[in-house]
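The block underneath contains the structure these notes are about, expressed in structure tokens.
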Amino acid sequence: MHNTKAKYDTAEQGIKKRRAKAERLDAFVTAIKEQGTVVTEFDEGLWGTLVDFMTVYSKEDISVTFKDGTEIHIG
């Protein structure tokens, strides 16, 4: 019984994470649609819908973590 509850809890957490990710993607798609034109310069609003946080280790060493968990290391 305890093992079944643990599996259920794990599955429920996975579902919640996927729903949260879908909501973030929907927000991004909505922001792009509202833009109405091709993005040719930095847009703080769009950036905010994608990026969770940035870590700056030095001028040449930066890490960008997106809201979906993807991390890009620059430098």
Side-chain angles (χ1 to χ4, degrees):
M1 174 87 172
H2 179 69
N3 191 27
T4 302
K5 173 72 169 129
K7 287 181 181 180
Y8 171 81
D9 290 343
T10 301
E12 187 175 34
Q13 286 176 347
I15 290 168
K16 286 180 181 179
K17 286 181 182 179
R18 284 191 293 279
R19 284 184 179 156
K21 183 177 181 178
E23 288 175 11
R24 288 190 302 270
L25 288 172
D26 285 345
F28 175 70
V29 169
T30 299
I32 291 290
K33 286 180 180 178
E34 289 175 356
Q35 190 73 24
T37 61
V38 176
V39 179
T40 58
E41 58 187 47
F42 180 78
D43 184 305
E44 185 176 335
L46 289 176
W47 182 255
T49 64
L50 290 174
V51 175
D52 191 19
F53 62 92
M54 293 179 67
T55 305
V56 179
Y57 301 102
S58 72
K59 187 176 177 181
E60 295 84 22
D61 190 9
I62 300 169
S63 180
V64 179
T65 302
F66 293 87
K67 290 186 178 182
D68 71 352
T70 302
E71 184 176 330
I72 297 176
H73 191 83
I74 305 163

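Note that the structure is a prediction, hence the values are computed from the model and not measured. Reckoned from all heavy atoms, side chains included, excluding hydrogens, waters and symmetry mates.
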- Task: Measure across Lys67 and Thr49 and return the closest heavy-atom pair with its distance rounded to 0.1 Å.
- Result: CD-O, 3.7 Å
- Query: Linking I/L/V/M/F/W/Y whenever any side-chain heavy atoms sit under 4.5 Å apart, do Tyr57 and Ile74 land together?
  - Reply: no
- ILVMFWY cluster, Phe42 and Phe53 together (side-chain gap under 4.5 Å): no
Nearest-0.5 Å distance that lies between atom [atom1] in [X] and atom [atom2] in [Y]:
X: Lys21; Y: Asp26; atom1: NZ; atom2: CG; result: 12.5 Å
X: Ile62; Y: Ile72; atom1: CD1; atom2: CD1; result: 12.0 Å
X: Leu50; Y: Thr65; atom1: CG; atom2: OG1; result: 13.0 Å

- Would you check if Asp9 and Glu12 make a side-chain contact, meaning some heavy-atom pair closer than 4.5 Å? yes
